Amino acid sequence: MRSISLTAPAKINLYLEIIGLRPDGYHELVMVLQSIALADRLELHPNGKEETRLYCSNSQVPLDQTNIAYKAVQLITSEYPEIASNYGGIDIIIDKQIPVAAGLAGGSSNGAAVLVGLNLLWNLGLTQPEIETLAAQLGSDVPFCVAGGTAIATGRGEKLAPIPSGDDLWLVLAKYQSLSVSTPWAYQQYRQEYSHTYLQDLQGETTRKDVVHSGPLVKAITHKQHQQIGQLLHNDLEKVVLPAYPLVGHLRDTLEKTGGLGTMMSGSGPSVFTLCESQKEAETILDKVRESIPDSDLQLWITKLANRGINIDYD
Ligand code: C5P
């Protein structure tokens with residue numbers, strides 16, 4: 001096999017609840033994660049050298065070891081050094097469509113794509129759970145990005161329970177191009193302001209049941225109750241990100257007032273989305289938001305929920 005091409009979808013958070021602080025310093029979360037059709041394309045080409053080289057025309061994407069795609073090659077190489085040395089270096093070409101540092105797991109999805117791609121290119125024979133275990137070493141959202149669809153994610157975000165996909169909804173996605181939010185900053189800020197609400201006994205089933213409120217949303221998704229899905233969207237990180245980024249708060253308010261099933265910030269932001277019943281409804285909302293906020297820095301997309309994660313396009 002000479003080269004491989006993959007599609008790496010973005011994700012949104014339909015639900016993000018922060019439960020407490022874990023002994024490893026990460027936050028214990030309950031999330032409902034959802035793939036969307038907005039996706040990057042990655043090509044992996046063996047380069048006959050011993051190095052990993054990254055190419056991307058978007059200047060916001062780092063092309064060094066800080067890129068999760070690069071880290072994914074390093075991880076596989078350290079786990080399987082003999083196989084890696086047999087095959088040699090890889091050129092990774094990223095066609096970046098997912099906005100960077102937007103709360104949409106763009107980097108995580110690229111990392112997941114490299115794991116899935118190298119598994120095939122280097123004949124590693126890893127199963128999906130084995131890939132997800134490696135993925136967890138790269139970042140909390142990377143395991144979800146492997147299979148995608150719709151899933152409840154707990155722990156750091158790496159423990160996944162897939163649920164039947166709500167892939168028949170559309171969404172308007174909005175982000176100010178020049179704004180980005182640091183995920184570590186958002187969690188640290190939340191910890192400073194809300195650690196008094198944290199559950200102390202993370203293992204205690206009863207207390208956990210008392211604070212976690214994702215059940216009704218999960219039920220609405222599995223029953224395809226679209227109005228309820230829209231009403232039950234939740235993201236604890238809005239409490240710290242929106243006050244610090246008033247433009248994002250205003251954007252969220254504008255989207256919410258314009259229509260659709262429900263509006264929420266995704267992940268640590270600053271992207272905001274509105275779920276819609278149809279493409280037509282999404283187009284109407286997009287036009288109205290564009291009219292209300294005539295700022296050339298505001299990027300708007302219409303896309304759909306998606307029922308899959310990394311897709312191998314051809315080899
Ligand atoms: O896992 P990942 O590297 O994507 O996380 C980025 C940062 O977000 C972490 O370094 C941590 O500060 C914060 N985080 C957290 N709890 C999680 C996930 C992320 O505190 N469950």
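Given the structure is predicted, the values throughout are model-derived calculations rather than measurements. One-based numbering, in listed order, for ligands and for the atoms of each. Numbers for residues simply follow the sequence, beginning at 1.
Note on R41 versus D313: salt bridge recorded, some NZ/NE/NH1/NH2 to OD/OE distance being below 4.0 Å. A salt bridge between R290 and D287 is absent, with no side-chain N of the basic residue lying under 4.0 Å from a carboxylate O of the acidic one.
Close approach of ligand 1 to T183 is summarised as follows: ligand atoms under 4.0 Å from at least one heavy atom of the residue are 8 (O).
At the top of the distance list for atom 12 (O) of ligand 1, counting protein heavy atoms only, stands P184 CA, 3.6 Å. Nearest protein heavy-atom contact of atom 13 (C) of ligand 1 is Y187 CD1, 3.3 Å.
Inclusion of H27 in the set of residues having an N or O under 3.5 Å from an N or O of ligand 1 is warranted. The shortest N/O to N/O separation between S140 and ligand 1 falls below 3.5 Å. Note: an N/O pair closer than 3.5 Å links R156 and ligand 1 by distance alone.
Under 4.0 angstrom from ligand 1, the non-hydrogen atoms of Y26 come from both its backbone and its side chain.
When all heavy atoms are compared, the tightest approach of E277 to W170 is O-CD1, 4.0 Å.
In this structure a side-chain-to-backbone donor-acceptor pair under 3.5 Å is present from D40 to I98.
Counting non-hydrogen atoms of other residues, nucleotides and ligands closer than 6.0 Å to CD of Q192 gives a total above 12. In this structure, R191 places its CZ atom where only 12 or fewer heavy-atom neighbours from other residues, nucleotides or ligands lie under 6.0 Å away.
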